[in-house]
Structure formats: structure tokens, C-alpha cells
Amino acid sequence: MAKWTAFPHLGEYEFDAASVRKGWAHLHAGDAEPLPTDMSVLQAWALFHSGEFQKAAETGMKAGGDGVTVANKATCIYANYLEKKERNKLDLFMEVAQRAQTQAEQDGKNANAWYWQAYALGRYSQGISVAKALAQGLGSKVKDALERAIKLQPKHADAHVALGAFHAEVIDKVGSLIGGMTYGAKKDTGLKLFQDALKINPGSAIAMIEYANGMVMLEGDRKMKEATKLYEQAAQCKAADAMERLDVEMAKGELED
């Protein structure tokens, strides 16, 4: 495995198995992942929350079982925020999509196996262009996997966010008529999914950012003021771990653009 770009704030979020266990409910309010009983999986999560994404992925894969979920999350977060080369980024997303699909085939009731498959395919789709991804049939796969994740775990805030983003992206790219008829994308459904995500996890910077993006896609520039307010709220969030720090930094970047 090639060496990944380091998280720029290493040392600012230091976790061990004990502190991860203690803060689990807050740290996993977004993905609703159950607290692992395997100490090596817990150790992989400690590396993830500390920003040691490559070590977290490697440790999770070595642990196997639920450790695959840590590997998938660490790889996706790294690829989304820190990988500079587009080709590498796409390869990493596809690697996760395939790994999560296998995980879902082996354990169909694992909500995060479905979620990370959808997340990876969704980000891959954005990378190759949403229109191209829809033509390849990836849209239906993403939607189906996210709906399964929510059915299995109704309190999965991040899956609500991702499904809301799906509705917004599709309508933005192909319009509400084709979006609704061909892909089942609906404006009201998309907006409600974002709102539900923030009810489940009110302090989520990424939910605020994606809601702001989705609002502008679905409602146009007339919602720019509300979207900016959401970016401002996201930028003021106090990051509990490395991933949240990356979300907050992204919100700050949006405000500067």
C-alpha cells in the first residue's frame, strides 16, 4: 500500500481504546456503528479518530469482521479529504465499494456495509461525473444501498444525509421530471432527509454542509442566505475527532470561496 498523505493536525486528537469506548455514543452519532467487543477493532477505531487513517485501515483489515467497517470508513474519509491524485481517489472509492459489497453479501443486516458501499459509489460517481455514473446504473445502486442502511438502522444520520444528497444531485443533473420518473428522486424527500439527519445528529457539521449544498441544488440561489448560515454553523462546530476537524475545515473553505 502506497503511503497516504498524513492528516495535517496529527497529535491534536489522541485516542486510545478506553477513550474511544467512553466517547463512543458521541463519536458515532452519525454512523450508528455498534460498540465493538473485539479489542483490536476498538484499537483500529482509536487510530481512526486520532487521524491515523492508513494505520486504521490496515489494523481494521487485519482484525477482520467488524474491522472491515473501520477500514472502509478510514479509506473513504482519507480519499475524500486528503488524497491529492484523482486517479488514486477513484481507485480507493472503488476498492471500498467492492469490499463493502462483499461485506453486505456476508452480513446483510450490517447497516454500515450498505452505507459504505453507497458512500464510496456516490463519491466515485461525483468523481467521474454524476451524469456518467447515472448512465452506468450506479444511481440505483447507491439509492438502494442507502435505503437498506436506513431500514436496518433508522437512526443512521449519515445515511439520511447521503440519501438527501442523492436526491439533490440527481435533480440538479437531470431535472425533477426525469429525476423523479427514472430514479425516484424528489425534492421534498431530499430536503426532509437532510432535516431528519440534523434531528438525529444536531451537531453534525457534515450534515449542515450537505444540507446547504442540497438546498441550493434543489431551490436555487434564493436559498443562498440560508445555505451560508448553515456553512457558518458548521464552521463553528467543535470537532471531537480528526474526521470532524476535516468537516469543519471544509465548511470554513466553503465560506472563503
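Keep in mind it's a predicted model, so treat the numbers as computed, not measured. Numbers here are sequence positions counted from 1.
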Closest non-hydrogen contact found for Ala168 with Gly214 is CB-CA, 3.8 Å
Leu27 vs Phe15, test: side-chain contact (heavy atoms from CB on, under 4.5 Å). Steps then yes/no. CA-CA 11 Å; Leu27 291 167; Phe15 287 89; 3.8 Å; yes
message = Set out, in order, the CA-CA distance, both residues' side-chain angles and the distance that settles side-chain contact (heavy atoms from CB on, under 4.5 Å) for Leu35 and Leu42, then state yes or no.
response = CA-CA 8 Å; Leu35 177 66; Leu42 206 55; 4.0 Å; yes
When rounded to the nearest 0.5 Å, the distance separating CG of Asp158 from CD1 of Ile150 is 10.5 Å
Contacts satisfying side chain to side chain donor-acceptor pair (under 3.5 Å) that involve residues 179-191 (not counting sequence neighbours) are Lys187-Glu219
### Message
For the backbone of Thr75 and the side chain of Trp4, can you confirm whether one donor and one acceptor N or O come within less than 3.5 Å of each other?
### Response
no
Query raised in the report: In terms of ring plane angle, is the pair Phe48 and Trp45 parallel, tilted or perpendicular, where the classes change at 30° and 60°?
Result: perpendicular
Quick note, ring-ring contact (aromatic ring centres under 6.0 Å, His included) partners involving residues 219-257, not counting sequence neighbours, are none
With sequence neighbours left out, the residues meeting salt bridge (charged side-chain N to carboxylate O under 4.0 Å, His left out) with Arg245 are Glu12, Glu249
Hits for salt bridge (charged side-chain N to carboxylate O under 4.0 Å, His left out) against Lys141, two or more places apart or cross-chain, chain-then-number order -> none
Taking every heavy atom of Ala234 against every heavy atom of Ile209, the minimum-distance pair comes out as CB-CG1, 3.9 Å
By salt bridge (charged side-chain N to carboxylate O under 4.0 Å, His left out), Lys223 pairs with (sequence neighbours left out) Glu226
dist Leu191:CG -> His167:NE2 (nearest 0.5 Å) comes out at 10.5 Å
When rounded to the nearest 0.5 Å, the distance separating NZ of Lys85 from CG of Leu92 is 12.0 Å
Taking Gln153 for its side chain and Asp31 for its backbone only, find out whether a donor-acceptor pair lies under 3.5 Å.
no
In short, Leu10 meets Ala6 closest at the heavy-atom pair CD1-CB, 4.3 Å
Note: Pro154 and Ile200 closest approach over all heavy atoms is O-CD1, 3.7 Å
* Asked: Taking the side chain from Glu210 and the backbone from Val161, do they hold a donor-acceptor pair closer than 3.5 Å?
  -> no
By salt bridge (charged side-chain N to carboxylate O under 4.0 Å, His left out), Asp172 pairs with (sequence neighbours left out) none
Return yes if a side-chain donor-acceptor contact under 3.5 Å exists between Ser125 and Gln136, otherwise no.
no
To the nearest 0.5 Å, atom CE of Met250 lies from atom CG of Leu246 at 9.0 Å
Exercise. For the residue pair His9 and Phe7, does the interplanar ring angle fall in the parallel (under 30°), tilted (30 to 60°) or perpendicular (over 60°) class?
Worked result: perpendicular
*asked:* Within a 6.0 Å radius of atom NZ on Lys89, are there more than 12 heavy atoms belonging to other residues, nucleotides or ligands?
replied: yes
Smallest heavy-atom separation, Lys73 atom then Met243 atom, equals CE-SD, 3.6 Å
Discussion item. Run the side-chain contact (heavy atoms from CB on, under 4.5 Å) test on Met94 and Leu121 for me, step by step, so that the C-alpha distance in whole Å, both residues' side-chain angles and the decisive distance to 0.1 Å come before the verdict.
Written reply: CA-CA 7 Å; Met94 198 42 77; Leu121 285 177; 4.2 Å; yes
Begin from the C-alpha positions of His49 and His28 and carry the test side-chain contact (heavy atoms from CB on, under 4.5 Å) through to its verdict.
CA-CA 10 Å; His49 293 299; His28 290 269; 3.0 Å; yes
ask   = Has the side chain of Asn112 got a donor or acceptor atom that lies under 3.5 Å from a matching backbone atom of Tyr115?
value = no
Is there a donor-acceptor pair closer than 3.5 Å between any side-chain N or O of Trp114 and the backbone N or O of Lys109?
-> no
_In this structure, is the centre-to-centre distance between the rings of Phe194 and Tyr211 below 6.0 Å?_
yes
Between the CD1 atom in Ile206 and the CG atom in Asp247, the distance rounded to the nearest 0.5 Å is 4.5 Å
To the nearest 0.5 Å, atom CD of Gln43 lies from atom CG of Asp16 at 7.5 Å
